[in-house]
Every structure is written in C-alpha cells, then in structure tokens.
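Everything below concerns the one structure shown next.
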Amino acid sequence: MSKKASAAPAVLITMPHSHYSEKARWALDWLNLPYREEPHVPLLHRLATGRHGGRSVPLLRHGATRLTDSADIVRHADAICGGDLLYPREEALRREVERLQARFDDELGPHTRRWAYAQLLPQQRLLRRVMSRGVPRLEAWLLPLLLPAVVRLIRSAFRITPESTQRSLARVRELFEEVGAMLRDGRRYLVGGRFTAADLSFAALAAPVLFPDGCRAAYPTLDEVPAAMRAEVQRLRETEAGQFALRMFAQQR
Ligand SMILES: N[C@@H](CCC(=O)N[C@@H](CS)C(=O)NCC(=O)O)C(=O)O
C-alpha cells in the first residue's frame, strides 16, 4: 500500500452487537490505529458492506485497501503498526497464534453466536435496543419494521433450532475445556508469554456467552437476560477459560 493510502483514516463498518466486529475493534484500539466506526443495523449493513465488495461485518476501509474478514483486519493493523505486536515474528509462535485464531474464528465464534441468539431472539425489546446503538437515525427508526424479517433470517441463516442450540452449547463447553487445559500449566497467555491475536480472538468471540465488563459490543446487562441464560453465563464465567477471557478484557481491552 502507498504511504498516501495508509495515511487515510480507516473506517470500520460494524453491527453494534457483532462479536467479530468487537474482535476487529479491540485490535485497532489496542494498536492505537486511528479509525472511525460506522455501525449499521442487520440487513441494512449489506448496503454498506456491499458497496465495498463485502457482505459480513466487520469490514475495514483503509486508503485503497478493503478487508472483509476480521482476521485480515487484525493482521493488516498489526503490519501497519510495525508488526510483531499481535502476531509474533518468530515463525513457530506465529503459526500457533494463526492456528488458534482460525480455530476460534471457525468454531467458537459461530457456536457462541448461535447459542446467544437462541436465548435473545424472543426478547424483541432488548434486540431493538442493542441492535440500534450508534447506528444512523434513519436505520434506528426502521429497525422495528425490519426486526421480524431480521429474526427470521438469523434463525434460518444460522440454522437455529432447539437441537442445534444444545449442540452449540456443548461445543462451547468443549472449546472452553480445551483452552482451560492449555492454561493449566500456569501460563498467563495462550502463546509465547504475551498478549497476541490468539488471546484477543478467544476473548472477543467468547463475549456472547460471558458478557464481559469492558466489552464494547452492544449487549444487554446480565440482569436483563432470561434466567436460564444468566445461569449458563455464570457457569461459563467460572471455568478457567471463562476467567481467562474476563482477565483479557480487564487487562488488555
Ligand atoms: N469470518 C468473518 C465472519 C464475520 C461474521 O460472521 N459476521 C456476522 C456478524 S457477527 C455478519 O456480518 N453476519 C451477517 C452477514 O453475513 O450478512 C470474520 O471473521 O469477519
């Protein structure tokens, strides 16, 4: 990228409650890379991302660069800021960070999302509030009209059924158990003794099942969610991996 392009202010297109958006936002904040956030309500986000050749959020516009995947955004931000920050330069460590990040992106993120949506989709007042935080005024005004279609689409796109929801919760518990087992040797971070994209990805993508303090994704408070959800969140918070993610938010966010 030319110097001129990299000097242009970055724009991060998000949805307020998206955990992949929180992952990208956390990286930009942590690296002190200046950016402006442009949040949209679900469905209308496609008008914003589609204009730049994307679909999902987050999408980063930085000069002439367009990045449509959170991992690419984190890598790009790290490189722009000099490298060796969220991704160690040392080959073996970097490979391990990449391996874990891919696992959290491909598995943890979809399963936490499916379980959390299954709990919250019936709570339309809560949804309206979190999904409209910071969005353009017209979109906030349109959201109540769009919400029935948004809920239907989310249910079908993420194949949310009572069975798949239970399976996702079981996968989340297994992934937490795996991360807990890695931490059992006393390490403070997943790879290389310092905060990396692996820790950031785990904590950000676990956020929908932990409701961490310091998380900048728009969530209801824990006392507003259904009691069964609250109880499961409390259980997951008490696990080693849950404690680890909460510590990452407290110390690195
Ligand atoms: N692999 C993508 C996944 C992003 C993703 O799934 N984003 C969701 C929100 S959390 C989304 O935009 N879904 C709506 C859509 O795809 O239009 C990334 O890491 O950025």
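Numbering of ligands and ligand atoms starts at 1, following listing order.
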* Candidate list Lys23, Arg25, Arg75, test side-chain hydrogen bond (donor to acceptor under 3.5 Å, both in side chains), partner Ser70, passing option -> Lys23

* Structure fact -> For atom 6 (O) of ligand 1, the closest protein heavy atom turns out to be Arg113 NH1, 2.9 Å

* Structure fact -> atom 2 (C) of ligand 1 has as its nearest protein heavy atom Asp69 OD1, 3.4 Å

* Asked: Counting from 1, what ligand 1 atoms have a heavy atom of Ser70 closer than 4.0 Å?
  -> 18 (C), 19 (O), 20 (O)

* Do the two ring centres, one from Phe176 and one from Phe202, sit under 6.0 Å apart? -> yes

* Shortest protein heavy-atom distance from atom 10 (S) of ligand 1, along with the residue and atom involved -> Ser18 OG, 3.3 Å

* Asked: Is Val57 in contact with ligand 1, taking contact as a heavy-atom separation below 4.0 Å?
  -> yes

* Going by the order shown, which atoms of ligand 1 are within less than 4.0 Å of some heavy atom of Pro58? -> 20 (O)

* To do: Look at atom 16 (O) of ligand 1 and say which protein heavy atom is nearest, naming residue and atom and giving the distance to 0.1 Å.
  => Ser56 CB, 3.5 Å

* **Pair Arg125 + Glu224: basic N to acidic O under 4.0 Å** => no

* Within reach of ligand 1, part of Arg46 (heavy-atom separation under 4.0 Å) -> side chain

* Asked: Any ion pair linking Arg95 and Glu98 (charged N to carboxylate O, less than 4.0 Å)?
  -> no

* Should one rank Glu22, His17, His45 by closest heavy-atom distance to atom 17 (O) of ligand 1, which comes out on top? -> His45

* To do: Taking only Lys NZ, Arg NE, NH1 and NH2, and the carboxylate oxygens of Asp or Glu, determine whether Arg253 and Asp213 approach each other closer than 4.0 Å.
  => no

* Among side-chain atoms of Thr165 and Ser168, is any donor-acceptor pair under 3.5 angstrom? -> no

* Over 12 foreign heavy atoms within 6.0 Å of CZ, Arg194 -> yes

* Atoms in ligand 1 flagged as close to Met15, the criterion being non-hydrogen separation under 4.0 Å -> 9 (C), 11 (C), 12 (O)

